[in-house]
A.B. asks: 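Before I ask anything, let me first share the structure, which is written out below as structure tokens.
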Amino acid sequence: MPSQPKYLTGDEAAIREFIDKFDIFLLDCDGVLWSGDHVYDGIPETIQMLQSRGKRTIFVTNNSTKSRDEYLKKLTTLGIPSGGVEDIFGSAYSSAVYISRILKLPPGKNKVFVLGEAGIEKELQSEGVAFIGGTDPAFRRDITQEDFKGIADGSLLDPEVGVVLAGLDFHFNYLKMAHGLHYLKRGALFLATNTDSTLPMHHGFFLGAGSAMAPLVNASGQRPLELGKPSQAMMDAVEGKFHLDRSRTCMIGDRLNTDIKFGVDGKLGGTLHVLTGVDNKEAWQKEDAVAVPSFYADKLSDLKLVA
Ligand SMILES: O=C(O)[C@H](O)[C@H](O)COP(=O)(O)O
Ligand SMILES: [Mg+2]
């Protein structure tokens, strides 16, 4: 059984020791910095404080609805200082890089059928990967008898599709799932930006990426290869891009089976669980907890040292 996580809230000496222990902080976003468009109190000042102490802050989110450029806009709008787009590493970017630089799809089978929002499309575009589906309004309608016929006989399918990439999709419907299913039946690879079951939003919980793609997982009998947290393919990509010294790096997150597991499996120097998002303390006090953090705090802004 891993050792008991160290509680930081209100313990200035422990907070100083914690901050001094690391050079790089990998920061989750939803449930840690903000809930939807509402930034939690004290977050800009806390990030500023870490940066003013020479710490690097890298934003590592599973939310694939936005591209890195759009996240930079959101961070800036919410007053959260960052080192620019280069310090943002989202699951949409992670997936686009995996497809373009690792998979290297053969010509004639190098298109992606997207089940997700514009963030995925923009990152695929930035990696020069062709795609269909996604936010295309042609897919935002009810299925018809012609669709059933054309999908079943393949006349409505694009033969160049080699991958089905699923993420958080606020517009999933039967027609898109039907196309996705038949591309998988024809041998396309099934990838996911992430499979979080829920999304913390406006102080409530909504369907996450994993729940949005569940009909396709059920109908196909296939589980997608995940390219977001806790995938170690993403950790290797983050390590490569930022030249991480894992022992001097800490992952900060609100969710055990993504953020904390990402840091623990990645053998980082530490993980900090904050209680402002998906999981509470009880989640890692359980015997069969999926991952146990090395530190925890009520909220990220509890780290805010004045001097
Ligand atoms: O369903 C989702 O995609 C997740 O809830 C969301 O992406 C989580 O984002 P993160 O906490 O990793 O920033
Ligand atoms: Mg989160």
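Values in this document were obtained by computation on a predicted structure and should not be read as measured data. As the structure lists them, so they are numbered: ligands from 1, and atoms in each ligand from 1. Reckoned from all heavy atoms, side chains included, excluding hydrogens, waters and symmetry mates. Numbers here are sequence positions counted from 1.
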A.B. asks: Which atoms of ligand 1 have any heavy atom of C29 under 4.0 Å away?
C.D. replies: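 Reading through ligand 1 atom by atom, the close ones are 13 (O).
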A.B. asks: For ligand 1 and K229, I'd like to know whether there is a polar contact (N/O to N/O, distance under 3.5 Å).
C.D. replies: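 Yes, there is a polar N/O contact under 3.5 Å.
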A.B. asks: One thing to verify: whether R246 and D236 come together as a salt bridge, which I'm taking to mean a side-chain N less than 4.0 angstrom from a carboxylate O.
C.D. replies: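 Salt bridge between D236 and R246, a charged N being under 4.0 Å from a carboxylate O: yes.
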A.B. asks: Measure L168 to ligand 1 on non-hydrogen atoms and call it side chain, backbone, both or neither using the 4.0 Å cut-off.
C.D. replies: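 For L168, the contact with ligand 1 is made by the side chain alone.
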A.B. asks: Distance only, no hydrogens: is a donor on one side chain within 3.5 Å (strictly under) of an acceptor on the other, for E226 and S231?
C.D. replies: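 Side chains of E226 and S231: no pair found under 3.5 Å.
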A.B. asks: With heavy atoms of G208 as the reference, note each atom of ligand 1 found under 4.0 Å away.
C.D. replies: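 The list of qualifying atoms is 1 (O).
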A.B. asks: Polar-atom distance check: V60 versus ligand 1, any N or O pair below 3.5 Å?
C.D. replies: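 Min N/O separation from ligand 1 is not below 3.5 Å for V60.
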A.B. asks: How far is atom 13 (O) of ligand 1 from the closest protein heavy atom, and which atom is that?
C.D. replies: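 Here the nearest protein heavy atom works out to T61 OG1, 2.6 Å.
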A.B. asks: State, yes or no, whether a side-chain contact exists between I47 and L27 at a heavy-atom distance under 4.5 Å.
C.D. replies: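 Answer yes - side chains close enough.
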A.B. asks: If the cut-off is 2.8 Å, does any N/O/S atom of D254 fall short of it from the Mg ion (ligand 2)?
C.D. replies: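 A backbone or side-chain N, O or S atom of D254 is under 2.8 Å from the Mg ion (ligand 2).
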A.B. asks: So with a 6.0 Å cut-off around CG of D153, is the heavy-atom count from everything else above 12?
C.D. replies: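 Enclosed.
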A.B. asks: Report the C-alpha distance between F170 and F206 in whole Å, list the side-chain angles of each, state the deciding distance to 0.1 Å, and finish with yes or no for ring pair (Phe, Tyr, Trp, His ring centres under 6.0 Å).
C.D. replies: CA-CA 10 Å; F170 296 129; F206 298 86; 9.2 Å; no
A.B. asks: Kindly compute the distance separating OG (S91) from CD1 (I120), expressed to the nearest 0.5 Å.
C.D. replies: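 One finds 7.0 Å between OG of S91 and CD1 of I120.
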A.B. asks: Nearest protein heavy atom to atom 1 (O) of ligand 1, by residue and atom, and its distance?
C.D. replies: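 Going atom by atom, the protein heavy atom closest to atom 1 (O) of ligand 1 ends up being A209 N, 2.8 Å.
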A.B. asks: Counting non-hydrogen protein atoms only, what is the nearest one to atom 5 (O) of ligand 1? Give residue, atom name and distance.
C.D. replies: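 Of the protein heavy atoms, T198 O, 2.7 Å lies nearest.
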A.B. asks: By atom name, which N, O or S atom of D28 is the nearest to the Mg ion (ligand 2)?
C.D. replies: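 In D28, the heteroatom (N, O or S) nearest the Mg ion (ligand 2) is OD2.
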A.B. asks: Counting non-hydrogen protein atoms only, what is the nearest one to atom 10 (P) of ligand 1? Give residue, atom name and distance.
C.D. replies: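 Sorting protein heavy atoms by distance from atom 10 (P) of ligand 1 puts D28 OD1, 2.8 Å first.
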A.B. asks: I want to check something: taking the side chain as every heavy atom from C-beta on, are S220 and M213 in contact at a cut-off of under 4.5 Å?
C.D. replies: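 Not touching, per the 4.5 Å side-chain cut-off.
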A.B. asks: Have a look at D259, D30, L207 and point out the one with the heavy atom closest to atom 6 (C) of ligand 1.
C.D. replies: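 It is D30 whose heavy atom sits nearest to atom 6 (C) of ligand 1.
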A.B. asks: Does P230 offer a backbone N or O that forms a donor-acceptor pair with the side chain of Q232 under 3.5 Å?
C.D. replies: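 Yes, because the side chain of Q232 sits within donor-acceptor range (under 3.5 Å) of the backbone of P230.
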A.B. asks: Could you tell me which N, O or S atom of D30 is nearest to the Mg ion (ligand 2)?
C.D. replies: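 It is O, the N, O or S atom of D30 closest to the Mg ion (ligand 2).
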A.B. asks: Under 6.0 Å between ring centres: does that hold for Y93 and Y71?
C.D. replies: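 Judged by ring-centre distance (under 6.0 Å), Y93 and Y71 do not meet the cut-off.
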A.B. asks: With the threshold set at under 4.0 angstrom, would you say R255 reaches ligand 1 through any of its heavy atoms?
C.D. replies: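 Flag not set, R255 not near ligand 1.
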A.B. asks: Which residue and atom name correspond to the protein heavy atom nearest atom 3 (O) of ligand 1, and how close is it?
C.D. replies: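 Result for atom 3 (O) of ligand 1: N194 ND2, 2.9 Å.
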A.B. asks: Return yes when atom CD of E17 has more than 12 non-hydrogen atoms of other residues, nucleotides or ligands closer than 6.0 Å, and no otherwise.
C.D. replies: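 Result for CD/E17: open.
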